[in-house]
Number of protein chains: 2
Amino acid sequence: MHATIGLVPTAKKGDPVNFPSYPHEVLAVVLSVRDGRLCVLLWKRARSPYRGRCALPGGGVEPTERLRDAITGHLATKVDVRDVAHLEQLATHSAIDRDPRARVLATGYLGLVPSDVQPKLPSDTQWHPVDELPRTAFDHHYFIDAAVARLRAKLSYTNIGFALAPLEFTIAELRDLFGAALGYELGATNLTRVLTRRHVIDPTERRASPGQSGGRPATVYKFVARELTVTDPFAVLRPPR
Amino acid sequence: MHATIGLVPTAKKGDPVNFPSYPHEVLAVVLSVRDGRLCVLLWKRARSPYRGRCALPGGGVEPTERLRDAITGHLATKVDVRDVAHLEQLATHSAIDRDPRARVLATGYLGLVPSDVQPKLPSDTQWHPVDELPRTAFDHHYFIDAAVARLRAKLSYTNIGFALAPLEFTIAELRDLFGAALGYELGATNLTRVLTRRHVIDPTERRASPGQSGGRPATVYKFVARELTVTDPFAVLRPPR
DNA sequence: TGATGTTTTCGCTTCCGAGGCGATAACTAG
DNA sequence: CTAGTTATCGCCTCGGAAGCGAAAACATCA
C-alpha cells in the first residue's frame, strides 16, 4: 500500500529517515475569467479510476523538486507556464482513500491566468465555469472550492486582481472582471476609488478608443505592482496609528 | 536518500503508485497567552542535528492516520490534547535540505490553548514568548511566523479568540488577552461593542467579584460559539445586501 | 452613615471608508 | 450642430470603528 524505508541499523528512533513515506502529488486549480465567467482548467480522464470525469492538472514530485517547482513543471504540459501570473499554496489533503489506487498525499495550489492570454490547451483540457462544474474526480472539488473562496476573499484586501487582468485595462473591463470573479455585479464608481486610494491601480496617460456606439474614451489603468501585496491590515482591532 | 516504491509491472505511468515517496512529518505551532504574553510551545533538542536548539513538537505520519490525526497524536506526548481548543492547517514546506538527515516534507498546524489551562509539560518542553524567541531548529521559525500572523489576522475577522480565552471572562481579561496576542494595547470600550454587535461574545447573568481595591464588579462574558466562524465577509467589495 | 477611591459601563461624538446617485465631461454618428 | 453614448467626478448618506467623559456600582475607611 504505502512505501516504507527499510530500517537502517544506525538510525535512531524518531529520526525522519524512519518515518513512513508516501507518494506525494501536487494539484493546481488554475482560475481565469473566460467570456465573462470565472473558469477552472480541467482535463478529462481517459482511464480508470474516475474514467470520464474531470480532474485537476498535476502529478508527482521529483526528488530534486520543491512542491512549487513540481506543480510548475506539471502545469507546463497543460499551459505555457509564463501565462500563470500568480501561484500560491492552498492546503494539503490526506484522506486515506482519496485515491483508490494508493495512499497519496496531495498539496493543492491556486494558479491565476490573466483574461487576455489564450493558452494553447491539449485536446483533453478545457476551461469550465466554476458555477457549472462537471462531476470531478477524487477529492478535487474540495481544492476547487478552496481556491475560489481564497481568490474571492483576497480580491477585497490584496492586489491579487493583477493576476486576472491584462497589463492595461479600463475600469469597465476591470469591473466586468471583478464581477465575474466575485460572482456578483458591482458599481463602477466605487471600484475606482477604492483601488486608487489604496494605490492598487494607477491611471496611465493613455485613453481607450471609444466603442462602436461612441461615448467618452475611458482612461487606461494599470496595476501598480504585479506581486501579491496586502493592502489593508484587516477590518477591525487595527493597531494604533 | 528518498524512498521509491519498486515498479509494479502492471502499474501504468502517471499512476500515483509510481510517484516518488517521501517521509512526511507534521509540526504544531501551539500558541497560548502566558503571563500576559503570547507564547509558543517548544522543546529543546538533546541530539544532533541542531542539538540544543528549540524545535516544534511533531513527528511522522502513520499509514492509517490523516495529517490532523497525526499531529493530534504527537501533541498528546507534550500536552493534554483536550487542552487544545483549536487546530488548523498552515502550510506544507518542501525545501530539499530543510532536514539534513533526509528529504522530509513537513505540514504545519496552528494550535491554540486557552490561557486558563495549565498543561503539564515534559521537562524538555517550555513556553517561549514569541517576541523573545530562541534560535530554532530546521525551518521551524517559518512555521512560527506564519502561525502568529494567521492568529493575529483571524482575531479581527473571526471568533478565533474563543480558543485563547477561558470559558467565562471579563472584558478586562479579554482585552489583556487580545492585547498580548496582537502585540499592542487596545481600548476596552471598543472591544466590547465590536464583539457583541457581531454576536461573537454574549454577556452572562454573572458578575465578577471586584478586585482587592474595590471597583464596580464586571459583567462576565462568554463566547457564543466554540468553533471557528467567520464574522465578517471582509472589508470591501461586499456583495449587495 | 457618609466620603473617597477604584473599576466598569454607557452615551455622545468624531472620523473615515464604502457605496449610491445625479450632473457634467468627452467623445461618435448623422 | 444635435442627439446619443459612455466615462468621470462631486456630493451625499450610511455604518462601523474608535475615543472621551460622565455615570454606575462596588470597596474601604473615618
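Sequence lines set the chain letters: A, B, ... in the order given, protein chains first and strands last, and positions in each chain run from 1.
Between the side chain of A:N159 and the backbone N or O of A:E227, at least one donor-acceptor pair lies under 3.5 Å.
In the interface, the side chain of B:R207 is not paired with the base of D:dA25 through any donor and acceptor atom under 3.5 Å apart. One can find a donor-acceptor pair under 3.5 Å joining the base of C:dG20 and the side-chain atoms of A:R193.
What separates CG of A:L174 from C1' of D:dA7 is a distance of 15 Å, to the nearest Å. Look at CZ on B:F178: it is 13 Å from P on D:dA18, rounded to the nearest Å. Regarding A:R216, its CZ atom lies at a distance of 8 Å from the P atom of C:dC27, rounded to whole Å. Between A:R175 atom CZ and C:dA18 atom C1' the separation is 17 Å, expressed in whole Å. When rounded to the nearest whole Å, the span between CD1 of B:I171 and P of D:dA25 equals 17 Å. In this structure, A:Y221 atom OH and D:dA7 atom P are separated by 12 Å, rounded to whole Å. Separating the CG atom of B:L191 from the P atom of D:dA18 is a distance of 10 Å, rounded to the nearest angstrom. C:dG20 atom P lies 9 Å from atom CG of A:L186, rounded to whole Å.
Atom OH of A:Y142 has 12 or fewer heavy atoms from other residues, nucleotides or ligands within 6.0 Å.
B:A188 comes within contact range of no nucleotide atom at all, as no heavy-atom separation falls under 4.0 Å.
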Side chain to side chain contact (heavy atoms under 4.5 Å, CB included) assessment of B:F138 paired with B:L56: CA-CA 10 Å; B:F138 310 104; B:L56 295 170; over 6 Å; no
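Here B:T219 reaches the OP1 or OP2 of C:dT9: one of its side-chain N or O atoms lies under 4.0 Å away. For C:dA18, one of the phosphate oxygens OP1 or OP2 lies less than 4.0 angstrom from a side-chain nitrogen or oxygen of A:R197. Under 4.0 angstrom from either OP1 or OP2 of D:dG15 there lies no side-chain N or O belonging to B:R198.
No side-chain donor from either of A:R206 and A:T204 sits under 3.5 Å from a side-chain acceptor of the other.
With distances taken from any side-chain atom of A:T189 to the nucleotides C:dC21, D:dA17, C:dA18, the minimum falls on C:dC21. Closest to the side chain of B:P217, from the set C:dA18, D:dA25, D:dA7, is D:dA25. Of the candidate nucleotides D:dA17, C:dA25, C:dT7, D:dA17 has the atom lying nearest to any side-chain atom of B:N190. With C:dT8, D:dT8, D:dA17 as the choices, the nucleotide that has an atom nearest any side-chain atom of B:A218 turns out to be C:dT8.
The aromatic rings of B:H24 and A:H24 lie parallel to each other, with less than 30° between the two planes, well short of the 60° mark.
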